Amino acid sequence: MADTETLQRIRDRIRGAMPSARTELAALVAFRSVADPRQFPAQECVDAALWVRDAFAAAGIAHIELVETSDGSPAVVGSSPAPAGAPTVLLYSHYDIQPPGDENLWHTPPFTLTERDGRWYGRGTADCKGNIMMHLLALRAVLADGPLPIGVRIVVEGSEEMGGAGLEHLVAQRPDLFAADLIVIGDCGNAEAGRPTVTTSLRGIANVVVHVETLAGEVHSGTYGGAAPDAIAALVRLLNSLRDEHGNTVVDGLDTSGRWDGVPYPEDRFRADAGVLDGVSLLSSGTVADAVWARPALTVLGIDAPPVVGSVAAIVPRASARLNLRVPAGLDPQVAQDALVAHLEAHVPWGAHLRIEREAVGEPFRAATDGPGYAALRAALAAAYGREVGTAGQGGSIPLCTALQRAVPDAEIAMIGVEEPRCVIHAPNESVDPTEIENLAVAEALLLRSLADRAAI
């Protein structure tokens with residue numbers, strides 16, 4: 001536990017820096033850094049990467065550069081060597097963002113940081129540019145007392161949101177760039193603002209795109225309707241086979257009965273966090289924690305079919321859907337994807353022609369939490385927040401964690417961040433609570449200082 005004087009000194013520094021942090025975060029949010037040149041110019045990602053590189057260089061990272069990865073995205077990679085006998089900590093985040101989606105659903109422009117009711121709104125404010133600011137604020141607070149007392153590596157990815165495997169390939173090819181005693185993944189969040197939480201498990205991902213075709217082309221619904229097979233109806237029937245009467249995900253050959261044995265996720269809080277409408281049932285016969293952290297979960301991400309406006313009285317010959325299968329820790333995502341494909345092939349109705357495109361799988365992750373790095377992190381979080389630290393799972397996927405676990409097997413991997421539920425990451429009107437940036441930066445600075453007092457972790 002940090003002494004009171006050290007805690008107060010670090011908090012004063014970081015709190016005093018929050019106005020300039022807001023200005024910097026606004027500059028980062030202004031980059032439309034979606035790692036998909038079909039949606040935004042690739043230069044937006046390059047410019048964001050350059051901004052991140054320069055900011056960490058100014059924050060004391062001695063050697064830092066852009067490294068082009070195998071998917072073409074530039075990663076920001078840097079290091080400051082450890083003094084003799086001191087440990088090394090790797091700080092990770094990503095500067096790429098989800099697309100804004102329908103900008104008409106945003107109350108304020110998505111690429112303009114806007115303050116409202118004490119929160120900062122804009123795409124990437126929480127996921128994950130707010131976590132970049134967390135790392136920067138922590139480093140600056142420690143540097144104010146002199147040179148970095150431990151080794152620090154920086155890795156800021158450029159294609160995480162698009163599922164790019166570039167950084168994973170770099171980890172496999174150059175594990176030396178990621179060698180550390182403790183790896184802090186800044187891409188998670190607390191169970192709620194003000195409640196310090198360490199994420200200990202992640203679901204993997206096994207997506208597919210399904211194409212259903214029934215006719216050579218559109219035909220008049222008045223002339224042929226009733227006998228001619230409707231591709232949209234075939235797709236709907238196929239998708240319905242992936243849930244039971246309670247809404248549970250069901251995929252032939254997959255165990256969907258897992259149980260979560262950690263901290264629970266109260267149903268009332270989940271309903272509020274997810275914005276579930278009054279009277280609408282949750283899709284699980286188990287607990288919320290079972291459903292979101294311990295079991296496979298199938299979501300329909302999108303459907304290609306004629307829109308309502310402009311639709312005509314014709315039978316649609318083809319339709320497609322992108323399916324997102326989240327895979328809990330302990331289940332091989334390739335096995336899960338294989339099972340999903342086999343299920344779809346077995347359940348396609350009416351002899352409709354089916355074509356399935358597989359997307360790259362991402363592996364689930366479970367952290368080891370009994371090491372000295374974790375102990376130091378929990379103490380730092382408890383000091384920064386003044387309350388006990390909890391643990392939780394996360395339904396999302398960070399495939400990099402498993403890649404790091406393979407490449408740097410002796411490193412502890414810890415997941416924290418500013419992305420509490422009210423941030424509504426990936427949705428319109430994403431926001432961040434600036435007190436979360438402040439408190440987590442304080443905790444990370446305390447962590448870096450405390451590790452300097454140890455010969456090793």
Side-chain angles (χ1 to χ4, degrees), residues 25 27-57 61 63-79 90-101 110-111 122-133 135-136 153-178 183-188 202 204-205 207 322 324 358-363 365 396-404 406-408 417 419 425-426 430:
L25 184 56
L28 255 183
V29 167
F31 295 115
R32 300 174 300 166
S33 49
V34 176
D36 183 352
R38 297 171 299 178
Q39 300 185 61
F40 293 96
Q43 190 61 39
E44 295 277 351
C45 284
V46 173
D47 290 343
L50 291 170
W51 189 99
V52 171
R53 180 199 65 184
D54 293 346
F56 278 104
I61 301 303
H63 310 289
I64 193 158
E65 61 180 332
L66 300 191
V67 176
E68 184 173 343
T69 67
S70 61
D71 64 14
S73 64
V76 182
V77 179
S79 65
L90 187 152
L91 305 178
Y92 165 89
S93 191
H94 63 84
Y95 64 80
D96 71 302
I97 55 173
Q98 282 284 323
F111 298 112
R123 177 57 91 219
T125 49
D127 184 21
C128 209
K129 294 173 179 179
N131 288 309
I132 293 173
M133 291 311 307
H135 290 325
L136 286 168
R153 292 188 183 276
I154 296 294
V155 177
V156 184
E157 189 175 0
S159 63
E160 193 272 347
E161 296 291 5
M162 293 295 109
L167 193 66
E168 292 178 64
H169 293 161
L170 185 63
V171 170
Q173 295 161 1
R174 293 287 310 277
D176 55 296
L177 295 177
F178 303 87
I183 298 172
V184 178
I185 303 291
D187 193 11
C188 291
L202 300 166
I205 195 168
N207 287 2
R322 184 171 182 236
N324 169 236
R358 296 172 180 254
E359 296 185 359
V361 299
E363 296 189 48
F365 174 79
S397 303
I398 308 177
L400 176 67
C401 288
T402 304
L404 288 168
R406 284 195 296 263
V408 195
E419 301 163 27
I425 62 172
H426 295 201
E430 177 182 349

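Bear in mind the structure is a predicted one, so any value in this text is a computation, not a measurement.
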*Walk me through it: do V76 and V155 pass the test side chain to side chain contact (heavy atoms under 4.5 Å, CB included)?*
CA-CA 6 Å; V76 182; V155 177; over 6 Å; no
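Side chain of D96 to main chain of E161: a donor-acceptor pair is present (N/O by atom type, distance under 3.5 Å, no hydrogens or angles). Under a 3.5 Å cut-off, the side chain of E419 and the backbone N or O of C128 do not form any donor-acceptor pair.
A407 pairs by the side-chain contact (heavy atoms from CB on, under 4.5 Å) definition with V171, P175, not counting sequence neighbours. Looking at residues two or more places apart in sequence or on another chain, you find a side chain to side chain donor-acceptor pair (under 3.5 Å) between S73 and T69, D71, S159.
Of all non-hydrogen atoms in H169 and S70, the two that sit nearest each other are ND1-OG, 2.5 Å.
For an aromatic pair to be called close, the ring centres must be under 6.0 Å apart, and F40 with F31 fails this.
Inspection of the N131 and H94 side chains reveals no N or O donor paired with an N or O acceptor under 3.5 Å. Between the side chains of S33 and K129, at least one donor-acceptor pair of N or O atoms lies under 3.5 Å. Using modelled atom types and a 3.5 Å distance limit, the side chains of Y92 and E157 yield a donor-acceptor pair.
The shortest side-chain heavy-atom distance between F178 and S79 does not fall under the 4.5 Å cut-off. Within the 4.5 Å cutoff, the side chain of I185 has heavy atoms near those of the I183 side chain.
A salt bridge does not link E168 with R406: none of the charged nitrogens is closer than 4.0 Å to a carboxylate oxygen.
The distance from the CE atom of M162 to the CD atom of Q98 is 5.0 Å, given to the nearest 0.5 Å.
Taking the six-membered ring where the residue is Trp, H135 and F56 present tilted rings, their angle falling between 30° and 60°.
Residue pairs meeting the salt bridge (Lys or Arg N to Asp or Glu O under 4.0 Å) criterion with at least one partner in residues 39-54, sequence neighbours excluded, are R32-E44.
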